[in-house]
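Report on the structure given below.
All heavy atoms count here, side chains included; hydrogens, waters and symmetry mates do not. Numbering starts at 1 and runs along the sequence shown.
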Amino acid sequence: MEIKKNQTFKTPVGLFLKVQTVRESGLHTLVLIDKKGKAIPEKRNTRGHVIQRTERLCTEETIRSFKKVSICH
């Protein structure tokens, strides 16, 4: 499976991720989105520490374990 920009995947945990950048090194940047395809902002606690990141770096092997889905806008 070839990984392209703007493809959407569902992780085994149930998160939706959209491919933001594709690199030749095999390490790609994915962004956390909701079911409608909109980016979710990162969550911070009351002290300002990030508790949920929106950007994730994943290898091609990891992305292959995800299920490819199409999201209706």
Are any of the side-chain nitrogens in Glu55 or Arg53 under 4.0 Å away from the carboxylate oxygens of its partner?
no
What distance separates Lys10 NZ from Ile33 CD1, expressed to the nearest 0.5 Å?
12.0 Å
Nearest heavy-atom pair of Phe9 and Lys68: which atoms, and what distance?
CD2-CA, 3.7 Å
Starting at CD1 of Ile40, measure out to CG of Asp34 and round the result to the nearest 0.5 Å.
5.0 Å
Nearest non-hydrogen partners of Glu42 and Val50, listed with the distance:
OE2-CG2, 3.9 Å
Test item: Leu57 and Arg23 side chains (from C-beta on) under 4.5 Å apart, heavy atoms:
yes
Is any side-chain heavy atom of Leu32 less than 4.5 Å from a side-chain heavy atom of Arg56?
yes
Compare every heavy atom of Val31 with every heavy atom of Ala39, then report the nearest pair and how far apart it is.
CB-CG1, 4.3 Å
Does Leu17 share a hydrophobic cluster with Val19, counting links as ILVMFWY side-chain heavy atoms below 4.5 Å and allowing steps through other members?
yes
Could you tabulate the donor-acceptor pairs under 3.5 Å formed by side-chain atoms of residues 58-67, not counting sequence neighbours?
| from | atom 1 | to | atom 2 | distance (Å) |
| --- | --- | --- | --- | --- |
| Thr59 | OG1 | Thr62 | N | 3.4 |
| Thr59 | OG1 | Thr62 | OG1 | 3.0 |
| Glu60 | OE1 | Arg64 | NH2 | 3.3 |
| Glu60 | OE2 | His28 | NE2 | 3.3 |
| Ser65 | OG | Thr62 | O | 2.5 |

